[in-house]
Amino acid sequence: MSLRHPGAKLRPHTKAHKCTQIANLQQNYGHKTFTCATPREIIGMAAAGVGEDLLLANEVVDHDRLSALAKVSENQRVTIAVDSEYTIQAASHAGLRDVLIDINVGLKRCGVAPELAGQLADFARKQKMTVRGVMGYEGHLMMIDSHDKRKQRVSESMQLLARAAQDVGGEIISAGGTGTFDLHDSTCINELQAGSYALMDTHYAKLNLPFDQSCFVLGTIISKSDGWLVIDVGLKSLGMDHGNPTIDGYDVMFCSDEHTTIVPNKGQAETKVSVGDKLRVIPAHIDPTMAMHEMAFLVRGEEVIDAWSIDLRGW
Ligand SMILES: Cc1ncc(COP(=O)(O)O)c(C=O)c1O
C-alpha cells in the first residue's frame with residue numbers, strides 16, 4: 001500500500017487494527033497522517049506519540065468527548081469531520097478548530113449533500129474554524145465484484161466529491177478504502193483512508209487484492225463428537241456481520257456465543273485433530289474482531305515473538 005500511496009497520500013485508518021504498535025509500523029513506512037473513527041483512537045494515538053496529523057473521520061456531538069479532543073489538539077493537529085451546522089457548533093464550542101466537510105458520495109451514512117457543502121464550509125469559517133477540505137467515504141462500492149464496474153462507480157462517486165471540493169476550498173480531498181485502493185484518480189483525491197489492508201479479512205480476500213491475510217484468532221478444540229468438532233471461538237471473539245469465519249480444512253456449521261462447530265471439508269477423511277489442539281480461525285471482518293480482543297500476538301510460524309496491546313479500543 002505504501003508503494004502505491006507513499007507518505008501523506010495514504011492516511012492509514014486505525015479503526016481496522018486499533019493498535020498503536022501497528023500504527024507505528026505504518027509510520028515507519030512513511031505515513032505520519034492518520035485516520036481515526038473514535039475519539040478514543042485519537043486520544044490513544046496522541047498519547048502514544050504516533051502520527052502528526054490525526055483526522056477523526058466521523059461525526060461527534062458529545063461535548064465531553066469533543067472537549068477531550070480539543071485538549072489533544074493543544075499539542076497535536078486534530079481535524080474532525082462535520083456534516084451539519086450542529087456538528088460544527090458542537091466542535092467549535094468544545095474548542096476544536098480544524099474541520100473537514102464530510103460529503104455524502106452515495107453511502108447512506110454521514111455526509112452533507114454535495115450541493116450544500118459550500119455553504120456549510122462558509123458557516124464553519126464564520127465560527128472562525130479552519131476548513132481543511134473535504135472527505136467522502138464510498139463504502140457502498142467496496143465490494144462490487146467486477147473491477148471495471150467498481151472503477152466506474154468510484155469515478156461517478158468521486159465526481160460528487162470533486163464538485164463539493166470546488167465549493168468548499170482547502171487543500172485536502174480524502175476518500176477511499178482497501179477495496180478501492182487502486183481505483184482513485186490522483187487528480188481527484190489527494191489522500192486514501194485505507195485501513196483493512198494491514199491485517200485483511202476473508203471478506204476483502206474475495207476481491208483478490210494484493211494484501212495477505214495476516215491475522216487469525218487462535219481457537220482450541222474443546223469437544224469432539226461423532227462427525228463434528230467444537231472450538232472455543234465464537235460470536236464474542238469474531239466480527240460476524242460479514243459472515244462465518246474460515247478455518248483451513250474445515251467447514252463452519254455455525255457459531256454461537258463462545259463456540260464454533262466445524263466439520264472437516266467435504267470429501268476429507270476423518271480429522272486427526274484432538275481435544276486440546278489449536279486451530280487458526282480467520283475472521284470475515286477484521287475491524288470488529290480487533291475491537292473484541294485486548295492483545296495481539298505476533299508470531300513467526302508457531303513462535304510468539306511479541307505481544308501488542310490493542311490499545312485504541314473503547315470510546
Ligand atoms: C470513513 C472511512 N474511511 C475509510 C474506511 C476504509 O476502510 P477499509 O480499509 O476497511 O476499506 C472506512 C471503513 O469503514 C471508513 O469508515
Side-chain angles (χ1 to χ4, degrees), residues 1-2 4-5 8-19 22-23 26 29 31 33-42 45 51 53-60 79-83 87 99-112 132-144 147 150-151 153-154 157-158 160-161 164 172-184 188-215 239 241-243 283-291 312 315:
M1 188 63 92
S2 298
R4 175 97 191 196
H5 301 283
K9 288 196 160 63
L10 181 70
R11 193 183 270 278
H13 210 319
T14 61
K15 76 193 282 286
H17 52 67
K18 289 187 175 277
C19 173
I22 298 178
Q26 291 171 314
Y29 274 95
H31 312 295
T33 58
F34 284 88
T35 313
C36 297
T38 63
R40 176 76 191 89
E41 288 171 12
I42 297 266
M45 287 285 284
D53 176 340
L54 305 175
L55 165 66
L56 184 53
N58 205 357
E59 280 64 12
V60 178
T79 304
I80 188 164
V82 290
D83 70 354
T87 45
V99 294
L100 275 194
I101 307 293
D102 189 1
I103 310 299
N104 177 359
V105 292
L107 172 67
K108 291 195 168 73
R109 210 171 69 176
C110 299
V112 65
R132 296 187 69 195
V134 293
M135 66 158 271
Y137 174 55
E138 73 287 11
H140 57 305
L141 307 179
M142 295 289 154
M143 292 308 296
I144 295 176
H147 191 265
R150 203 157 74 240
K151 186 168 184 166
R153 294 285 306 279
V154 168
S157 154
M158 290 303 108
L160 300 174
L161 191 61
I172 295 178
I173 308 178
S174 191
T178 300
T180 60
F181 87 102
D182 58 347
L183 303 178
H184 284 278
C188 182
I189 70 165
N190 49 28
E191 53 173 60
L192 187 91
Q193 299 181 354
S196 297
Y197 77 93
L199 298 176
M200 286 295 284
D201 54 35
T202 59
H203 192 60
Y204 261 142
K206 289 181 200 147
L207 294 181
N208 289 320
L209 302 171
F211 308 111
D212 285 342
Q213 198 70 60
S214 64
C215 187
D241 60 316
H242 290 166
H285 193 179
I286 192 64
D287 312 51
T289 301
M290 292 303 281
L312 299 176
W315 302 99

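Whatever order the structure lists them in is the order used to number ligands and atoms, beginning at 1.
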Is there a donor-acceptor pair closer than 3.5 Å between any side-chain N or O of [X] and the backbone N or O of [Y]?
X      : Y      : result
Thr35  : Gln193 : no
Asp201 : Ile286 : yes
Thr38  : Trp315 : no

Look only at interatomic distance and state if [X] has a nitrogen or oxygen under 3.5 Å from any nitrogen or oxygen of ligand 1.
X      : value
Asp287 : no
Lys15  : yes
Gly195 : yes

Item to complete: Search all heavy atoms of His17 against all heavy atoms of Ala23 and return the closest pair with its distance.
Response: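 Closest pair (atom of His17, atom of Ala23, distance): CE1-N, 3.8 Å.
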Worksheet item: At a 4.0 Å cut-off, with the gap strictly under it, does some heavy atom of Tyr204 reach an atom of ligand 1?
Response: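 Judged by the 4.0 Å heavy-atom criterion, Tyr204 does count as contacting ligand 1.
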Discussion item. Between ligand 1 and Ala16, can you find any atom pair, the residue atom being a heavy atom, that is separated by under 4.0 Å?
Written reply: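 In this structure, Ala16 fails to qualify as a contact of ligand 1 - no heavy atom is under 4.0 Å.
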Under 4.0 Å to a heavy atom of [X] - the qualifying atoms of ligand 1, by number:
X      : value
Ser196 : 8 (P), 9 (O), 10 (O)
Gly176 : 4 (C), 6 (C)
Ala194 : 9 (O)

Discussion item. Would you say Glu138 and Ser157 are linked by a side-chain donor-acceptor pair, where the criterion is simply a distance under 3.5 Å?
Written reply: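 Short answer, no.
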Worksheet item: What residue and heavy atom of the protein are closest to atom 5 (C) of ligand 1, and at what distance?
Response: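 In this structure, atom 5 (C) of ligand 1 has Tyr137 CE1, 3.2 Å as its nearest protein heavy atom.
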Discussion item. Quick test of your reading of the structure: of Met200, Met135, Glu138, Arg109, whose heavy atom lies closest to atom 16 (O) of ligand 1?
Written reply: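 Minimum heavy-atom distance to atom 16 (O) of ligand 1 goes to Arg109.
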Discussion item. Given Arg11, Met142, Gln193, identify the one with the heavy atom nearest to atom 1 (C) of ligand 1.
Written reply: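 Nearest option to atom 1 (C) of ligand 1, by heavy atoms: Gln193.
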Worksheet entry | Inter-residue atom distance Thr178.OG1 - Leu207.CG, 0.5 Å rounding |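 Taking OG1 in Thr178 and CG in Leu207, the distance rounds to 10.0 Å.
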Worksheet item: Strictly under 6.0 Å, is that where the ring centroids of Phe181 and Phe211 end up?
Response: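 Between Phe181 and Phe211, the centre distance is under 6.0 Å.
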Worksheet item: Do Leu100 and Ile80 come close enough that some side-chain heavy atom pair is under 4.5 Å?
Response: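 SC-SC contact between Leu100 and Ile80 ruled out.
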